[in-house]
A.B. asks: 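Got a structure for you, written out below as structure tokens; questions coming shortly.
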Amino acid sequence: MSANDIATVVNQTITQYLSESGEQQTKRPCSGKSFTFRSPAITVTGAYCVSQLGDTLLELGATHVLLVADKLVHQLGLVSGCEQSITLAGIGLTLFTEVEGEPDTVIINQGIKVLKQSKADFVVGIGGGSALDAAKGMAVMIDHQGPLADLKIGGIASRKVGLGCIPTTAGTGSETTDITVIQDLEYGIKVPVKGPALVPDFALLDPVLMLGVPDHVTAATGIDTLTHAIEAYVSRETNPLSKAYAYHAIETVIKSLPVAVGCGDDLDMRYEMSIAAYKAGIAFSNAGLGLTHAIAHQIGAQYHIPHGVANAILLPYVMAFNALTCEKGYAELAVAMGIKVESMTQRESCNAVIQMVRSLVQDLGLPNSLTVYNINTGDLPQLAERAMLDICLIGNPRQVTATQIVVLLNRVLANDFPEGYC
């Protein structure tokens, strides 16, 4: 076959693939053999590296910054270093410090109004996941007029302003990801919005900003990091790079999180957790998540359960459910968790990993049941149906039905952890 013949066959194949239906185009031509990988263009790390913020912004061409912060973070003075660095660089600055709790459509619209008035060409979020998600939402939704649900998947391909993120907790990984989660107050649901424009231009990881985080928040956000990494590792959409990031994030969380919770002024452990959250964020941003997050988004929005706590409660149960199809994947994580596997079968290693996750949640003082949240069992079918529509479910390694989600939630409510796979 000549080179021209080969070129003709290739072109015909590509044309046929691109002409298929929208549903078919979402499928990869060769599963696991091709993938797209995104991460921030610039990452700055280290104690007191917030002093480099101004130089980083200059490198990216910023002339005026809208600095979006959690109200509490601003009150604690954690924003002052950012303000000083931006001012010393000769860059214009406007503050927006009204973020309280998880971002919703009201706070996003307020921020967009300030962004337009200030004529800022760069948005920087500083704080926990709420502030970072809010900043990302403002940066990409400034010209969006339609319903929030329109932006669920791939609805945002570009943005007109720069975007940077500075986390003050080690958990959400929002400083690296192509996703933001916003509460749609009209419908009372959390809407994950995903698109390449949501990947920040830079991430700045300064562990000094995390030293004052209370132990219960450190625990919850740390388990959020662990959930990101585990779900990304076994996701249907996983790839070699995301698996590597996820694996090493898990390894770090197991070693560092207990110390960070028990000794919050340990700067080294705060640094390690900031890197773990970053790695896990990159992993799930490029590989997707799973059933834990799909359910957590629903119960969190309806019952005001902190996201990390919801993940902590659900993760072991979801792992027991998913183990039917990803026993090998979970077993591979045993070494990362420090489990001695020399005499174990694959199933024993898998079970040991699930039990270690459950024990870690308990050791950190986080709840392992939903009983304390007064969940109405009559809400379970609706919560399950909403979870079935959540974008995170795409990556779950096991197919799931709404009925199975209801059964799983009933188990969690009864604190009835399965002895085997369920």
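Owing to the predicted nature of the structure, the values given are computational and were not obtained by experimental measurement.
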A.B. asks: Measure the spacing between CZ of Arg38 and OG1 of Thr177 and express it to the nearest 0.5 Å.
C.D. replies: 12.0 Å
A.B. asks: Under the 3.5 angstrom rule, does the side chain of Asp121 hit a backbone N or O of Thr63 as a donor-acceptor pair?
C.D. replies: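 Looks like yes, one N/O pair under 3.5 Å.
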A.B. asks: I'd like to know if the side chain of Ser274 and the backbone of Ala170 have a donor-acceptor N/O pair within less than 3.5 Å.
C.D. replies: no
A.B. asks: Quick one: list whatever passes ring pair (Phe, Tyr, Trp, His ring centres under 6.0 Å) with Tyr373, sequence neighbours left out.
C.D. replies: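 Once residues adjacent in sequence are excluded, Tyr373 has no partner under the ring pair (Phe, Tyr, Trp, His ring centres under 6.0 Å) criterion.
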A.B. asks: Mark yes or no: Arg358 above the aromatic ring of Phe417, with NZ or CZ under 6.0 Å from the six-membered ring centre and no more than 45 degrees from the axis.
C.D. replies: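 Yes, Arg358 lies over the aromatic ring of Phe417.
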A.B. asks: Okay, side chain of Thr221, backbone of Thr218: is any donor-acceptor separation there less than 3.5 Å?
C.D. replies: yes
A.B. asks: More than 12 foreign heavy atoms under 6.0 Å from NZ of Lys71: is that the case here?
C.D. replies: yes
A.B. asks: Using the ring pair (Phe, Tyr, Trp, His ring centres under 6.0 Å) rule, collect all pairs that involve residues 216-242, keeping only residues at least two apart or in two chains.
C.D. replies: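 Pairs touching residues 216-242 that pass the test: His228-Phe284, His228-His293.
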A.B. asks: Who are the side-chain hydrogen bond (donor to acceptor under 3.5 Å, both in side chains) partners of Gln346, not counting sequence neighbours?
C.D. replies: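 Expected list: Glu327.
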A.B. asks: For Gln117, does the CD atom sit with more than 12 other heavy atoms under 6.0 Å from it, leaving out its own atoms?
C.D. replies: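 Yes - once you tally the heavy atoms of other residues, nucleotides and ligands closer than 6.0 Å, there are more than 12.
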A.B. asks: Using modelled atom types only, decide if a donor and an acceptor are shared between the side chain of Thr169 and the backbone of Gly171 within a distance under 3.5 Å.
C.D. replies: no
A.B. asks: Ser85 side chain to Cys82 main-chain N or O, any donor-acceptor pair under 3.5 Å?
C.D. replies: no
A.B. asks: So, using side-chain hydrogen bond (donor to acceptor under 3.5 Å, both in side chains) as the criterion, who are the partners of His74 when residues are at least two apart?
C.D. replies: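 Testing His74 for side-chain hydrogen bond (donor to acceptor under 3.5 Å, both in side chains), a comparison that skips the adjacent residues, returns none.
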A.B. asks: Counting distance only, does the side-chain N/O of Thr252 pair as donor-acceptor with the main-chain N or O of Glu272 below 3.5 Å?
C.D. replies: no
A.B. asks: Do Asp178 and Ser285 pair up side chain to side chain, a donor and an acceptor below 3.5 Å, judged on atom types alone?
C.D. replies: yes
A.B. asks: Holding to salt bridge (Lys or Arg N to Asp or Glu O under 4.0 Å), I want the full list of residues that pass it with Asp201, two or more places apart in sequence or in another chain.
C.D. replies: Arg159
A.B. asks: With rounding to the nearest 0.5 Å, note down the distance linking OH in Tyr278 to OG1 in Thr43.
C.D. replies: 2.5 Å
A.B. asks: Kindly write out the residues that satisfy side-chain hydrogen bond (donor to acceptor under 3.5 Å, both in side chains) with Lys160, not counting sequence neighbours, or none if the list is empty.
C.D. replies: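 Per chain and number, Lys160 pairs via side-chain hydrogen bond (donor to acceptor under 3.5 Å, both in side chains) with Asp143.
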A.B. asks: Quick one: salt bridge (Lys or Arg N to Asp or Glu O under 4.0 Å) partners of Glu332, sequence neighbours excluded?
C.D. replies: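 Listed in chain order: Lys243, Lys328.
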A.B. asks: Judged by atom type as modelled, is there a donor-acceptor pair below 3.5 Å linking the side chain of Asp390 to the main-chain atoms of Cys392?
C.D. replies: yes
A.B. asks: Check salt bridge (Lys or Arg N to Asp or Glu O under 4.0 Å) between Lys113 and all other residues, then give those that pass, not counting sequence neighbours.
C.D. replies: none
A.B. asks: So among Val412, Asn368, Val372, which one has a side chain to side chain contact (heavy atoms under 4.5 Å, CB included) with Ile313?
C.D. replies: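 It is Val412, the one option of Val412, Asn368, Val372 that forms the side chain to side chain contact (heavy atoms under 4.5 Å, CB included) with Ile313.
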A.B. asks: Applying salt bridge (Lys or Arg N to Asp or Glu O under 4.0 Å), can you list everything that pairs with Glu59, at least two apart in sequence or on another chain?
C.D. replies: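 So Glu59 forms no salt bridge (Lys or Arg N to Asp or Glu O under 4.0 Å) with any residue.
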A.B. asks: Can you name the residues that form a side-chain hydrogen bond (donor to acceptor under 3.5 Å, both in side chains) with Thr227, not counting sequence neighbours?
C.D. replies: none
A.B. asks: Any chance the side chains of Ser242 and Asn286 put a donor and an acceptor closer than 3.5 Å?
C.D. replies: no
A.B. asks: With a 3.5 Å distance limit and no angle check, can you tell me whether Lys136 reaches the backbone of Ser174 through a side-chain donor-acceptor pair?
C.D. replies: yes
A.B. asks: Can you sort out the partners of Asp268 under side-chain contact (heavy atoms from CB on, under 4.5 Å), two or more places apart, ordered by chain and number?
C.D. replies: Asp266
A.B. asks: When you measure from the side chain of Thr176 to the backbone of Ile282, do you find a donor-acceptor pair of N or O atoms at a distance under 3.5 Å?
C.D. replies: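 Indeed, once roles are kept as given, a pair shorter than 3.5 Å links the two residues.
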A.B. asks: I'd like a table of donor-acceptor pairs (distance under 3.5 Å, sequence neighbours excluded) in which one partner is a side-chain atom from residues 44-55, with atom names and distances.
C.D. replies:
| from | atom 1 | to | atom 2 | distance (Å) |
| --- | --- | --- | --- | --- |
| Thr45 | OG1 | Tyr271 | OH | 3.4 |
| Ser51 | OG | Tyr48 | O | 3.0 |

